[in-house]
Amino acid sequence: MNSENNMETTGSNSEDEAAILAVRRSKLQKIEALGHDPFGQRFDDRSYIADIRARLPEVCLMTKSGERVSMPQEFGSEGFDMRAWLTSQDAQEFQGPKVRAAGRIILHRDTGKLHFIDIRDWTGRIQLFVGREQVGPENWELVQCLDLGDLIGVDGTLRPTKTGELSIFAEKIHILCKALDPPPDKHKGLADPELRQRLRYVDMAYNEGVLERFLDRTKIVQSIRQTLAKSGFVEIEGPTLHSIAGGAAARPFTTHHNALDLDLFMRIALELHLKRLMVGGMERVFELGRVFRNEGISQRHNPEFTMLEVYQAYGDYRSMMDLTEKIVEDALQAIGAGNVVMWGDAQIDLKTPFARRSYSELIAEHTGVDPNDWNAVKNYAESIGIEVAGRHPDVVINEIFEEKVERQLHGPVFVIDYPASICPLTKRKADNPKVAERFELYINGMELANAYTELNDPDLQKKLFETQLDGLSEEDSMAKMDHDFVRALRNGMPPAGGLGIGIDRLVMLLTGSQSIRDVILFPLLRPE
RNA sequence: GAAGGCGUAGCUCAGUCGGUAGAGCAACGGACUUUUAAUCCGUAGGUCCUGGGUUCGAGCCCCAGCGCCUUCACCA
């Protein structure tokens, strides 16, 4: 990979590359010599290509007897034979609306005195028919200076070619921006995953479906905000710089404030500040924003990712299950997907309501061991190589869950009622203090959402912050002492349901993306 | 952090047994007024990731490093 400097200066390591760039620059000069600004100007009143295509009903064929024949239903479909249809019609000429479009040149077929140029905007692609006689010498000169990748505008008439492709028959071409770097392979695009991430703009501009996937991400996020707004939740912006990185078990990034000479942490969760706001009276509140965890990178992990956390006063974790289903339902609708999404070769049915299964029931089902029988659990754990000595029973049980149950949960399934000791921020069941009112939503073995009935007992919260779980270092524990948070609880926080959803993973699921890097615009990479 | 795989033209990829580097696309020149990844003829284009080593000779073998991918660990 060349450094950027090399690519731009005479230090270029390839004559080929230098030649390609030189050719494009010479065309740029020629465009200037023809009296055009090669980087273009404001271009008013153009229509989106999808909207132009939608004007097909305005296109018609004039017959020699002066009759107007509209395009047949089958026009544009696979088996439609345009030439046969034309000969059957006593055709004179086509008429169609005048249109103006703009976009990037993605394909170019030059047949001499005729160019076919495919342009693309963010709504679709369309073919331009550019004939030498039809556009005149000035436009023709300009067309000779165009390359794949250039941004152009066009004025022309919408009508089909003889071979049946709806096209814009160009009358005037406008150069809107000369591209100086050549595009990737016109058919395969960028294939190297590293290059696709580094040159995300190229990936989006040329690779099939990439731009659309990121637009889907935007639609999903918008839909979530709408769903929550409709249900009366307000969105807030909490601090991203924390002096105590709490609310989750994760290693934080550290940073430093110079004026205060203060070490700070990038937030790892949104939870504790949102709960403070519930103390303050925000009864339905959420934040949808970035959190940072200083941990490994994988197909499902990026150091910064987007998290939704929602809190509903006077609700509980069951309210959050209903809300989760609503969020998923609405998001599917927002991207025009049905209830069934593809995940690799597998189909996942996201029809609501999702199954609700208790944690201990699932353990018993998948292992044959009663989680309340410590001796049986111990024996089972040892038999599958999980260390038992000196560790809290619930930690051992949870390892069994992760090892034996989690992967089997193709879901969607709400796993409910977790062992209390691994849930330091969660209210216990009224009739059984060993069980916490928590659920996690699993789909395809992937944890998508996590929710609690929120613990609002300040004394118990303080105690749980002070209690170190066996086998967990302070760094790994979710229970990091936050005195101010305990003080907030002493002021009275309503009983509440709280929900967290990993937005990147939700987008992965809904768009069928196997890697988190396919749904994050600019994933973390080592510098070039 | 560990193991495995990969790194060759602007892009996508071949490269046999170790014997002086190949194709398609893109580019350049030419032909073509209805093409669909247009086609046809021709031309040009290389730090084979980097640095060492073995060898008469290394894209290929060995060692070290860098980067990416996959799996695992951590984690959501």
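Computed over heavy atoms, backbone and side chain alike; hydrogens, waters and symmetry mates excluded.
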Do [X] and [Y] have side-chain N/O donor and acceptor atoms under 3.5 Å apart?
| X | Y | answer |
| --- | --- | --- |
| E171(A) | T157(A) | yes |
| S513(A) | R217(A) | no |
| Y206(A) | D185(A) | no |
| N302(A) | R517(A) | no |

I need the [atom1]-[atom2] distance between [X] and [N], as an integer number of Å.
| X | N | atom1 | atom2 | answer |
| --- | --- | --- | --- | --- |
| L195(A) | C69(B) | CG | P | 11 Å |
| D118(A) | A38(B) | CG | C1' | 11 Å |
| D192(A) | C13(B) | CG | C1' | 12 Å |
| K30(A) | C28(B) | NZ | C1' | 13 Å |
| H187(A) | C13(B) | NE2 | P | 12 Å |
| R109(A) | U36(B) | CZ | C1' | 4 Å |
| E406(A) | A76(B) | CD | P | 10 Å |
| D110(A) | C40(B) | CG | C1' | 13 Å |

Separation between the [atom1] atoms of [N] and [M], rounded to whole Å:
| N | M | atom1 | value |
| --- | --- | --- | --- |
| G10(B) | C62(B) | C1' | 33 Å |
| C60(B) | G53(B) | C1' | 15 Å |
| G22(B) | A14(B) | C1' | 7 Å |

**Message:** Is the base of A76(B) stacked against the aromatic ring of F305(A), taking ring centres under 5.5 Å apart and planes under 30° as the test?
**Reply:**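 So yes, this residue stacks on that base, both cut-offs being met.
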Of the options [options], whose atoms approach the side-chain atoms of [X] most closely?
| X | options | result |
| --- | --- | --- |
| D147(A) | A26(B), A27(B), A76(B) | A27(B) |
| P193(A) | C68(B), A76(B), U35(B) | C68(B) |
| Q127(A) | C32(B), A76(B), U36(B) | U36(B) |
| E133(A) | U33(B), U35(B), C28(B) | U33(B) |
| R159(A) | U34(B), A38(B), A76(B) | U34(B) |

**Asked** Who does A2(B) pair with, Watson-Crick or G-U, both distances under 3.5 Å?
**Response** U71(B)
**Message:** Once you measure the plane-to-plane angle for W140(A) and H115(A), does it fall in the parallel (<30°), tilted (30-60°) or perpendicular (>60°) bin?
**Reply:** perpendicular
With no angle test and no hydrogens, is the base of [N] tied to the side chain of [X] by a donor-acceptor pair under 3.5 Å?
| X | N | result |
| --- | --- | --- |
| T161(A) | U35(B) | yes |
| D185(A) | G24(B) | yes |
| T163(A) | U35(B) | yes |
| Q299(A) | U70(B) | no |

**Prompt:** So what does R83(A) touch, heavy atoms closer than 4.0 Å: a base, only the sugar-phosphate, or nothing?
**Reply:**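 Sugar-phosphate, backbone atoms only, no base.
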